[in-house]
Amino acid sequence: MSDFWLVKSEPSAYSWEKFVREGCATWDGVRNYQARNNLRLMKKGDRILFYHSVQGQAVVGIATVSKESFPDPTTKDPRWVSVELKPVQPLKRSVTLSEIKTNKELANIPLVKQSRLSVMPIEKKVYETILKISSQ
DNA sequence: GCCAACGTTGGC
DNA sequence: GCCAACGTTGGC
């Protein structure tokens with residue numbers, strides 16, 4: 001039974017398009033304990049929604065965990081970890097933050113309630129609801 | 001560009 | 001251990 005997550009990235013820093021082009025990504029540079037704890041809990045095969053923050057403000061694609069947490073290669077500080085992600089597929093259409101905010105089932109997810117958290121768990125139902133919106 | 005929310009740092 | 005100051009994130 002895999003889990004579901006949402007990760008954020010500013011497209012100017014690392015976009016979905018670049019992620020797809022490169023075929024996988026080391027999700028490094030996380031320097032927030034709560035986000036780090038979530039990275040540690042990720043299991044291979046977990047599904048991840050990829051969200052564009054700042055420019056775009058929408059869920060744009062689906063990724064999966066291809067390698068579970070390991071020490072963040074961008075720092076010697078042992079407190080921080082990374083995971084490796086692989087793109088699965090883009091959403092048929094992006095699901096915007098405003099759509100998420102106005103949907104009853106989605107209005108309370110951390111993306112909305114805790115806007116600064118960059119790696120967060122989501123319920124299966126939330127994942128499925130977002131996919132459903134994207135296919136409409 | 002502004003600012004609210006929040007995390008971190010450092011003086012006491 | 002508290003809290004003010006400061007820095008960062010990200011929505012608007």
Side-chain angles (χ1 to χ4, degrees):
Chain A
M1 176 62 190
S2 67
D3 288 314
F4 301 88
W5 310 90
L6 184 147
V7 301
K8 301 202 286 202
S9 182
E10 275 198 52
S12 63
Y14 193 81
S15 68
W16 169 259
E17 290 73 20
K18 190 174 179 190
F19 181 40
V20 169
R21 204 155 58 232
E22 296 184 349
C24 78
T26 299
W27 214 253
D28 56 27
V30 171
R31 297 291 182 271
N32 169 283
Y33 290 107
Q34 206 180 340
R36 188 275 316 263
N37 292 344
N38 291 331
L39 289 180
R40 278 187 177 158
L41 291 170
M42 286 184 182
K43 292 276 176 290
K44 195 171 179 178
D46 284 358
R47 292 285 152 149
I48 301 200
L49 294 178
F50 192 109
Y51 174 82
H52 273 167
S53 64
V54 186
Q55 304 102 319
Q57 292 175 214
V59 179
V60 293
I62 304 168
T64 189
V65 178
S66 51
K67 196 173 169 191
E68 294 176 13
S69 67
F70 51 91
D72 187 329
T74 65
T75 177
K76 285 179 185 166
D77 191 329
R79 291 177 298 171
W80 306 116
V81 302
S82 301
V83 294
E84 188 188 85
L85 305 182
K86 278 190 159 54
V88 174
Q89 63 184 57
L91 296 188
K92 276 184 193 159
R93 71 166 184 86
S94 306
V95 177
T96 64
L97 181 62
S98 65
E99 284 179 291
I100 289 169
K101 281 184 166 176
T102 54
N103 184 300
K104 264 188 201 163
E105 288 177 37
L106 306 178
N108 291 312
I109 66 171
L111 182 69
V112 177
K113 293 290 168 188
Q114 213 179 334
S115 66
R116 293 186 53 194
L117 186 62
S118 62
V119 181
M120 67 194 76
I122 54 173
E123 290 169 19
K124 186 179 185 192
K125 195 178 172 191
V126 166
Y127 176 84
E128 287 170 349
T129 301
I130 290 173
L131 289 201
K132 193 175 158 197
I133 294 171
S134 77
S135 68
Q136 282 166 358

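Below, chains carry the letters A, B, ... as their sequence lines are ordered, and counting in each starts from 1.
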Please state how far atom CG in A/Leu117 lies from atom P in C/dT8, giving the value in whole angstrom units. 18 Å

Check the distance between C/dG11's C1' and A/Ile100's CD1 and give it to me in whole angstrom. 13 Å

Atom-to-atom span, CD of A/Gln55 to C1' of B/dG1 - whole angstrom: 14 Å

C/dG10, OP1 or OP2 - any side-chain N/O from A/Lys8 closer than 4.0 Å? yes

In short, A/Asn32 meets A/Trp80 closest at the heavy-atom pair N-CZ3, 3.5 Å

Once you round it to whole Å, what is the distance between P of C/dC12 and CD of A/Gln57? 6 Å

Is any side-chain N or O of A/Tyr51 closer than 4.0 Å to OP1 or OP2 of C/dG11? yes

Compare the minimum distances between each of C/dG11, B/dG7, C/dG10 and the side chain of A/Gln114, then state the nucleotide with the smallest one. B/dG7

In whole angstroms, how far is the P atom of B/dA5 from the CG atom of A/Asn32? 18 Å

Could you please spell out the steps behind the side chain to side chain contact (heavy atoms under 4.5 Å, CB included) verdict for A/Val126 and A/Leu106? CA-CA 6 Å; A/Val126 166; A/Leu106 306 178; 3.7 Å; yes

Please lay out, stage by stage, how A/Arg21 and A/Ser15 fare under the test side-chain hydrogen bond (donor to acceptor under 3.5 Å, both in side chains). CA-CA 10 Å; A/Arg21 204 155 58 232; A/Ser15 68; 5.6 Å; no

Name the closest nucleotide to the A/Ser118 side chain, picking from C/dG10, B/dG7, C/dC12. C/dG10

Are any of A/Lys113's side-chain N or O atoms less than 4.0 Å away from OP1 or OP2 of C/dG10? no

Whole-Å distance between C/dC12 C1' and A/Glu10 CD? 14 Å

In whole Å, I'd like the distance from the CZ atom of A/Arg31 to the P atom of C/dT9. 11 Å

Check against side-chain hydrogen bond (donor to acceptor under 3.5 Å, both in side chains), A/Asn38 and A/Trp5: CA-CA 9 Å; A/Asn38 291 331; A/Trp5 310 90; over 6 Å; no

Atom-pair distance (NE2 on A/His52; C1' on C/dT9), nearest Å: 16 Å

Are any side-chain N or O atoms of A/Lys8 and backbone N or O atoms of A/Leu117, one a donor and one an acceptor, separated by less than 3.5 Å? yes

Which nucleotide wins on minimum distance to the side chain of A/Ser53, given the candidates C/dG10, C/dC12, B/dG7? C/dG10

